Amino acid sequence: MPPLSPATTAQPSTPAPAPTPVRRRTRTAVAWLATLALALLLIGLAAQWAGTREANFQADSIHRAMEVHVLGLRDSAGKYSYLPFTAGVHPAVRAALAHPQDPAAAQRANLYIEEVNRQAGSDALYLSDLRGLTLAASNWATPQSFVGESYANRPYFIDARAGRGGLFYGVGQTTGEPGLFISAPVRAEDGAVLGVVTVKVSLRQLQEAWTFVREPILLSDARGVVFLSSVPSWLYQTRRELAPAELERVRQDQQYGARASFAALPWKVERIDDQPGYLVRTDIGGKPRRFLAVDEPLPDLGWTLTVMADHAEVTRARERTWMLGLLGAGVLLLGGLYWRLRERRFAEQRDARRDLELRVRERTHALDEAHAFRKAMEDSLLVGMRARDRQGRITYVNPAFCDMTGYGADELLGKLPPYPYWHPDDVNQHWHHYDAMMSGQPARSGFESRLRHRDGHEVITMVYTAPLIDADGAHSGWMSSVVDITEQKRAELRQRQNDEQLQHAQRLASLGEMASTLAHELNQPLMALSNFASAAKAFAEQGNQPLLVSSLDETMAQAQRSAEIVRRIRGFVRQRTVGTEDCAVSALVANALALLQGEMRQRQARAEVRMPAGLPPVRGDRVLLEQVLLNLVSNSLQAMQATPAEQRVVDIEAELLDGRMHIRVGDRGAGIDDALAEQVFAPFFTTKAGGLGLGLNICRTIVEAHRGRLSFAHRAGGGTVFTLALETSPP
């Protein structure tokens with residue numbers, strides 16, 4: 001019988017829904033508009049907050065960068081401040097002031113000042129009399145010698161002649177090169193000023209370093225004239241208009257050479273009350289830019305340091321907030337519409353229930369077709385399906401399970417354990433899993449099971465079992481999904497073998513890098529053996545028994561030292577390791593450093609180890625963990641090739657944090673470029689000539705196999721810190 005349509009079964013007496021009143025529609029529209037206005041207001045406030053937060057973050061970043069630059073400026077100005085006073089107390093300098101017409105005295109002063117300037121590394125050092133005439137200078141033998149030149153107009157000379165220390169930045173009158181001039185008076189024993197000693201320090205290195213920063217940095221004097229800047233076009237421009245008296249003073253001092261006028265900086269400054277600093281609009285390289293700028297006065301130097309940050313990030317933060325807010329509002333709008341549709345659908349469903357009973361017979365046919373479809377789908381699955389009743393009798397198997405075991409469905413249906421496909425070597429394990437299932441406690445996460453195919457080959461499977469519930473809700477048996485993982489297990493075995501070979505290759509590569517240092521390391525005890533043996537022979541001929549015994553003891557000690565070096569190297573390159581054990585962190589670090597002692601001496605480096613007493617041991621393979629530490633320390637040594645020898649220090653520290661052992665290995669090298677950060681642990685990626693690119697990749701594989709984590713971060717002040725987080729042994 002064909003199904004009845006909803007129109008046929010509808011009740012004639014059911015009243016039609018009344019139309020929605022106009023007043024209700026108006027109220028709904030007003031409510032939606034009010035909600036929309038409120039949402040836009042909230043989004044606008046959130047965008048304003050996000051912009052302010054980004055601006056505060058930029059200001060904090062600027063202040064941190066400013067602290068570094070201020071330290072650099074004060075260091076450049078302060079490390080030479082002692083030089084004029086120290087040079088002024090030397091007898092040769094005082095003799096040149098006392099006898100200005102004596103050529104021999106002047107030459108002795110020239111040679112002394114030249115040597116002091118060379119040792120200190122300053123640009124120039126020179127002596128002037130009270131008239132400002134230069135009597136001796138470190139560049140006396142050069143074409144641009146200061147000797148005979150008068151600097152009486154320079155403020156640093158005027159301050160020193162008055163008995164004060166002088167500090168002045170300007171362009172040199174003789175060389176035309178800018179620099180920082182620091183002066184001090186030369187006093188007699190009664191305190192009278194005899195002359196002035198001045199040192200010139202170049203800030204060229206600071207200017208060159210600033211050319212590599214992304215955002216503008218500039219330094220201006222007390223009059224607002226920019227004399228150092230990362231933007232070359234801003235040099236010798238002013239932040240404000242100079243008064244005629246200031247211009248005349250600059251001309252008299254010849255502070256910036258022959259410049260008599262200074263253009264204003266191409267800035268448009270905006271002050272914002274709720275944000276730190278101020279906004280600067282300008283053009284750089286023909287492109288309009290907008291920056292957040294913060295000034296830092298340096299009263300002791302008379303300068304002002306200005307650091308800027310791109311203000312476009314603040315605008316982008318506001319835009320992102322607007323986008324997210326509008327997206328959230330759209331989601332809420334869709335949710336409201338969905339709720340209304342859902343309510344309407346519920347009403348329609350209430351009407352449709354009346355038709356449900358009339359469609360039962362039609363649905364029964366559809367269910368039969370669905371059952372047939374499901375049966376065909378189960379038969380086409382690659383996963384084996386097996387059903388058993390509550391007595392353990394097999395009631396259903398699909399073709400995939402039959403292919404997996406080699407037995408047909410007619411051979412398996414109705415069978416009770418032991419089943420014919422059970423592996424004879426694992427019968428006890430099969431009974432264990434069967435008993436667990438029958439007791440109602442099958443392994444929820446599945447278990448691995450080895451089967452015997454009918455033709456005799458082994459099949460490794462993963463079995464997942466769940467209870468079978470019949471149509472009445474009663475427990476009628478068990479359904480198992482059986483997945484063939486034979487090829488997966490073989491692939492895992494091949495992967496483990498490949499990992500072991502890679503680890504062995506890495507150890508051999510590390511051994512190759514240590515070959516030269518190993519020869520150097522063994523050379524010392526071998527030379528000592530030869531010397532002590534020669535001494536023992538001489539003492540034996542002399543009959544000196546005590547010294548003979550002492551020489552033989554030293555010979556044995558050096559032989560044991562050589563054997564220990566060889567033992568460590570052999571233990572490191574062994575491919576087979578002891579396995580999992582409790583490893584003391586201090587012992588792991590000590591063994592790794594012992595293998596690298598020769599390389600550290602060769603590279604003129606040292607290691608500083610800081611770890612508190614009483615640290616718990618970590619659980620893992622000692623040789624593999626030592627390999628990780630050895631690789632990290634070796635990388636740190638190589639990263640500090642260009643670092644000055646006194647700063648070549650590898651910092652190793654360990655601490656217990658959140659229940660895990662954190663071992664940090666830090667260097668003071670050039671660090672890792674942000675553009676390469678994502679490739680550091682990639683296989684075959686290396687920045688070393690002749691490197692394999694497997695070291696850090698294998699290290700991370702070893703650490704993750706120990707359920708740990710290997711990461712790195714930039715180190716404050718330069719360099720990189722690698723952090724090794726491992727599980728500790730249970731108490």
Side-chain angles (χ1 to χ4, degrees), residues 75 79 506-507 509-528 557-558 560-562 564-569 571-572 583-615 618 622-623 625-655 661-672 680 687-689 691 695-696 699 710-724 726:
D75 178 68
K79 67 180 180 180
Q506 176 62 20
R507 286 197 289 271
S510 300
L511 179 62
E513 294 176 0
M514 291 190 296
S516 60
T517 55
L518 175 61
H520 176 75
E521 189 77 6
L522 287 174
N523 185 54
Q524 294 182 357
L526 290 176
M527 289 295 295
Q558 294 300 324
Q560 292 174 356
R561 178 185 174 191
S562 301
E564 176 66 16
I565 293 171
V566 175
R567 182 189 67 78
R568 285 176 176 164
I569 297 301
F572 177 73
C583 305
V585 178
S586 57
L588 293 175
V589 174
N591 291 340
L593 292 178
L595 288 168
L596 290 171
Q597 283 181 357
E599 184 175 353
M600 286 193 289
R601 282 196 292 269
Q602 185 177 4
R603 294 180 182 275
Q604 298 180 350
R606 69 182 191 278
E608 292 185 358
V609 181
R610 294 183 296 275
M611 57 181 66
L615 287 176
V618 295
R622 179 184 59 80
V623 174
L625 293 179
E626 287 179 3
Q627 178 181 348
V628 173
L629 288 173
L630 179 75
N631 195 293
L632 295 179
V633 175
S634 178
N635 287 349
S636 297
L637 294 174
Q638 295 172 7
M640 295 190 293
Q641 289 181 352
T643 304
E646 65 275 5
Q647 299 179 13
R648 295 175 190 167
V649 180
V650 180
D651 296 308
I652 304 176
E653 59 182 14
E655 65 172 337
M661 185 64 63
H662 289 251
I663 305 173
R664 300 183 183 90
V665 179
D667 61 64
R668 304 182 183 182
I672 298 175
V680 168
T687 58
K688 297 185 291 187
L696 288 176
C699 287
L710 180 62
S711 60
F712 74 94
H714 298 298
R715 180 176 182 172
T720 308
V721 178
F722 279 84
T723 302
L724 175 62
L726 296 171

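These numbers come from a predicted model, not from an experiment.
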Colleague: Quick one: CD1 on I652 to CE on M611, what's the gap to the nearest 0.5 Å?
Modeller: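 Between I652 CD1 and M611 CE, I get 7.0 Å after rounding to 0.5 Å.
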Colleague: By the definition side-chain contact (heavy atoms from CB on, under 4.5 Å), identify the one residue from M640, Q647, R648 that meets it with P644.
Modeller: Q647
Colleague: Mind checking the CZ-OG spacing from R603 to S634? Nearest 0.5 Å is all I need.
Modeller: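 The OG atom of S634 is 6.5 Å from CZ of R603, to the nearest 0.5 Å.
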Colleague: E655: which residues meet the salt bridge (Lys or Arg N to Asp or Glu O under 4.0 Å) condition with it, sequence neighbours left out?
Modeller: R664
Colleague: With a 4.5 Å cut-off on side-chain heavy atoms, are V585 and L726 touching?
Modeller: no
Colleague: Does some side-chain heavy atom of V650 sit less than 4.5 Å from a side-chain heavy atom of L593?
Modeller: no
Colleague: For G669 and T643, which heavy atoms make the closest approach, and how far apart are they?
Modeller: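 For G669 and T643, the tightest heavy-atom pair comes out as CA-OG1, 3.8 Å.
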Colleague: Looking at D651 and R668, is any side-chain nitrogen of the basic one under 4.0 Å from a carboxylate oxygen of the acidic one?
Modeller: yes
Colleague: Report the distance from atom NE2 of H714 to atom CD1 of I672, rounding to the nearest 0.5 Å.
Modeller: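 The NE2 atom of H714 sits 7.5 Å away from the CD1 atom of I672.
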Colleague: Using the test salt bridge (Lys or Arg N to Asp or Glu O under 4.0 Å), find all partners of E608 that sit at least two apart in sequence or belong to another chain.
Modeller: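 Scan of E608 (salt bridge (Lys or Arg N to Asp or Glu O under 4.0 Å), adjacent residues dropped) gives R606, R610.
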Colleague: Looking only at non-hydrogen atoms, find the nearest pair between R715 and G666 and report the distance.
Modeller: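 Closest heavy-atom pair between R715 and G666: NH1-C, 3.6 Å.
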Colleague: Is it the case that the side chain of D667 and the backbone of T720 share a donor-acceptor pair, with hydrogens and angles ignored and the cut-off at 3.5 Å?
Modeller: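 Flag set: sc D667 to bb T720 pair under 3.5 Å.
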Colleague: Do you know which two heavy atoms are closest between A654 and P612, and how far apart they sit?
Modeller: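 Here A654 and P612 meet closest at O-CD, 3.2 Å.
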Colleague: Going from SG on C699 to CG on N635, what distance comes out if it is rounded to the nearest 0.5 angstrom?
Modeller: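 The CG atom of N635 is 7.5 Å from SG of C699, to the nearest 0.5 Å.
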Colleague: Are L724 and L629 close enough, and set up right, to give a side-chain contact (heavy atoms from CB on, under 4.5 Å), and what steps lead you there?
Modeller: CA-CA 9 Å; L724 175 62; L629 288 173; 4.3 Å; yes
Colleague: Quick one: pull up CG in L625 and CD1 in I663 and give me the separation to the nearest 0.5 Å.
Modeller: 7.5 Å
